Protein chains: 2
Amino acid sequence: MEQERPLPSVVERMWGREPVPRRGPRPRLDLATITTAAIEIADAEGLGGVSMASVASRVGVAATALYRYIGSKDDLLTIMADGVAPPPPEPEGRSWRDYLALWTRIQRDLLLEHAWLLSVGRLSPPLGPRRLLWFDRALAALDGTGLDHGEKINVASTLTGYALTDAALVHGIGGGAPQPEEHAIGGAAEYGEVLAGLLDPAAYPALSAAMRSGVMRGAEGWVEDEDFVFGLNLLLDGIEALIGRRASEERSCCGEGVPE
Amino acid sequence: MEQERPLPSVVERMWGREPVPRRGPRPRLDLATITTAAIEIADAEGLGGVSMASVASRVGVAATALYRYIGSKDDLLTIMADGVAPPPPEPEGRSWRDYLALWTRIQRDLLLEHAWLLSVGRLSPPLGPRRLLWFDRALAALDGTGLDHGEKINVASTLTGYALTDAALVHGIGGGAPQPEEHAIGGAAEYGEVLAGLLDPAAYPALSAAMRSGVMRGAEGWVEDEDFVFGLNLLLDGIEALIGRRASEERSCCGEGVPE
DNA sequence: TTAAAACTATGAACGTCATACACAGTACGT
DNA sequence: ACGTACTGTGTATGACGTTCATAGTTTTAA
């Protein structure tokens with residue numbers, strides 16, 4: 001059962017399994033160098049600034065030389081998306097709830113810090129070593145809760161998704177770092193005003209009422225930390241309820257099952 | 001307070017506020033024609049098939065003629081993202097919970113049916129008439145629950161985000177319509193096997209254990225409807241708890257407040 | 001020591017794409 | 001009927017991803 005399946009070469013590369021050449025000149029670069037260069041560009045100029053040419057020139061080679069290390073630009077983006085992730089915090093000593101709250105928050109902050117991730121990561125599930133490490137720690141934090149493997153996975157997926165959703169919202173509405181980009185709307189307050197002026201109260205009664213009520217006028221108020229915590233607690237409450245249910249089931253029905 | 005702010009012209013166009021010409025030849029096209037053509041292409045060939053040239057040729061004009069109707073390709077994508085949304089179901093006669101469950105599910109199904117949406121909608125909050133109508137109906141469904149405007153908005157955002165997350169997961173892992181695309185991983189079972197063969201159990205203890213346990217081997221089992229419902233109920237449970245809390249607060253503290 | 005082999009980086013070339021611009025044709029308003 | 005405002009077209013441009021043949025470099029084998 002050992003890697004019989006031929007993995008996509010991107011994945012091999014991400015895991016450091018690049019074929020080491022025994023002949024010929026030494027490679028002037030390696031994946032890490034290219035990846036960090038690309039990430040730096042993306043952080044500074046956004047995804048639009050990341051071209052084969054720009055990355056190559058930053059590491060001091062011709063554009064086409066990069067194809068010795070990656071198969072395509074898409075591959076580069078995939079590797080970048082894994083490469084930005086720092087090591088996750090360790091769950092030890094924390095309750096599952098505290099840990100997952102932290103875990104989710106850091107992910108969201110990371111997404112805001114590297115907003116270009118929002119335009120990348122979404123397709124295809126994670127296969128890189130760093131993101132999978134994050135995943136592992138979430139599952140580990142749920143050990144002893146009585147959830148089965150599938151439930152743990154679902155919980156982790158849902159929380160990751162929430163981090164993404166929230167980051168996208170904050171970024172889209174202009175609450176994050178004020179990147180001088182193409183966005184026309186700059187802040188929740190302005191968004192609210194635009195909508196209030198745009199909507200026909202007859203066709204959009206509820207939304208129109210909400211916008212005219214001034215909820216969005218809280219300057220930094222909306223779409224900020226408070227709202228992140230709000231939704232997060234919605235989820236954590238749901239998870240806690242599930243765990244409670246599992247615990248009572250376990251106590252009542254079966255002396256010994258296969259909880260994991 | 002009437003649209004003093006100069007809206008981006010894309011938004012004006014989306015709302016049917018295109019300037020009607022009084023002189024010159026009649027426009028051969030309109031926004032709707034272009035939009036549906038583009039959507040049809042995206043549905044058939046994915047976002048990659050959508051170029052100014054392909055859209056133009058489908059509606060029978062030269063590529064550059066499209067710029068009479070839209071400002072840029074980005075604008076076209078924005079309009080497409082609003083244009084695919086069908087009218088939302090009406091909340092009347094349903095409990096908020098039933099309605100929001102339906103509301104979220106339809107959104108997820110829509111995202112799977114038009115998977116290219118996953119690569120578009122992320123950035124910038126909705127400003128189009130159709131998506132805002134969806135938003136409105138979610139808020140309407142929450143009338144009478146005691147939540148304030150901000151909370152309702154948060155709830156709706158969170159659920160939309162969940163639909164997106166789940167759709168992205170299902171699509172990424174190959175559970176959706178088997179589009180003959182570039183994805184290397186085809187199905188949850190294969191994903192699980194790949195991971196099981198890739199992970200070092202020492203470095204990834206929890207994840208590795210989960211993958212070797214065979215959770216992913218449920219053929220259609222994982223990442224399917226059951227899992228969507230799972231996460232959705234997590235959220236709805238959390239929302240229900242919140243509503244209950246608000247209700248008891250209201251009963252105990254203040255005779256008349258400004259709940260909305 | 002020499003020669004083949006393996007491998008690297010390069011530069012030129014191609015195809016695709018979004019977009020700008022000048023032009024020609026067409027219908028309305030006077 | 002004339003001018004005006006507007007429409008669709010063709011051409012052109014610059015950026016980008018990617019391919020390929022080539023020249024250069026280091027290691028292995030003879």
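Throughout, protein chains are lettered first and strands after them, A, B, ... in sequence-line order, and every chain is numbered starting at 1. Not measured: the values here are computed from a predicted model.
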* Asked: How far does the helix from dT1(C)-dA30(D) to dT30(C)-dA1(D) bend, going by the axes of its first and last five pairs, to the nearest 10°?
  -> 10°

* Donor-acceptor pair, side chain of Asp82(B) and main chain of Arg130(B), under 3.5 angstrom -> yes

* Structure fact -> Applying ring-ring contact (aromatic ring centres under 6.0 Å, His included) to Tyr204(B) and not counting sequence neighbours gives Trp15(A)

* Asked: Of all residues at least two apart in sequence or in a different chain, which pass the side-chain contact (heavy atoms from CB on, under 4.5 Å) check with Thr104(B)?
  -> Leu159(B), Tyr162(B), Ala163(B), Phe228(B), Leu232(B)

* To do: Identify, with sequence neighbours excluded, every residue that meets side chain to side chain donor-acceptor pair (under 3.5 Å) alongside Ser51(B).
  => Ser54(B)

Would you list the atom pairs, donor with acceptor, under 3.5 Å between side chains in residues 24-33 of chain A and any protein atom, with sequence neighbours excluded?
from: Asp30(A); atom 1: OD1; to: Thr33(A); atom 2: N; distance (Å): 3.1
from: Asp30(A); atom 1: OD1; to: Thr33(A); atom 2: OG1; distance (Å): 2.4

* Does anything in residues 45-77 of chain A pair up under ring pair (Phe, Tyr, Trp, His ring centres under 6.0 Å), and if so which pairs, sequence neighbours excluded? -> none

Produce the list of close N/O pairs, under 3.5 Å, pairing protein atoms with atoms of nucleotides 14-17 of chain D; give distances to one decimal.
from: dG17(D); atom 1: OP1; to: Lys73(A); atom 2: NZ; distance (Å): 2.6
from: dG17(D); atom 1: OP2; to: Met52(A); atom 2: N; distance (Å): 2.9

* Outermost DNA chain C nucleotides near chain A [under 4.0 Å, heavy atoms] -> dA6(C) to dA12(C)

* With Thr35(A) via side chain to side chain donor-acceptor pair (under 3.5 Å) - residues at least two apart -> none

* Residues forming a side-chain contact (heavy atoms from CB on, under 4.5 Å) with Arg68(A), sequence neighbours excluded -> none

* Asked: Is Arg105(A) salt-bridged to Asp225(A), cutoff N-O under 4.0 Å?
  -> yes

* To do: State which residues pass side-chain contact (heavy atoms from CB on, under 4.5 Å) with Pro88(A); sequence neighbours excluded, sorted by chain then number.
  => Tyr99(A), Leu133(A), Trp134(A), Arg137(A)

* So, Arg13(B) versus Ser9(B): side-chain donor-acceptor pair below 3.5 Å or not? -> no

* Below 4.0 angstrom, N of the basic side chain to O of the carboxylate: do Asp136(B) and Arg131(B) qualify? -> no

* What string of B, S and - do you get for nucleotides 3-8 of chain D, 5' to 3', when a contact is any protein heavy atom under 4.0 Å? -> --BBBB

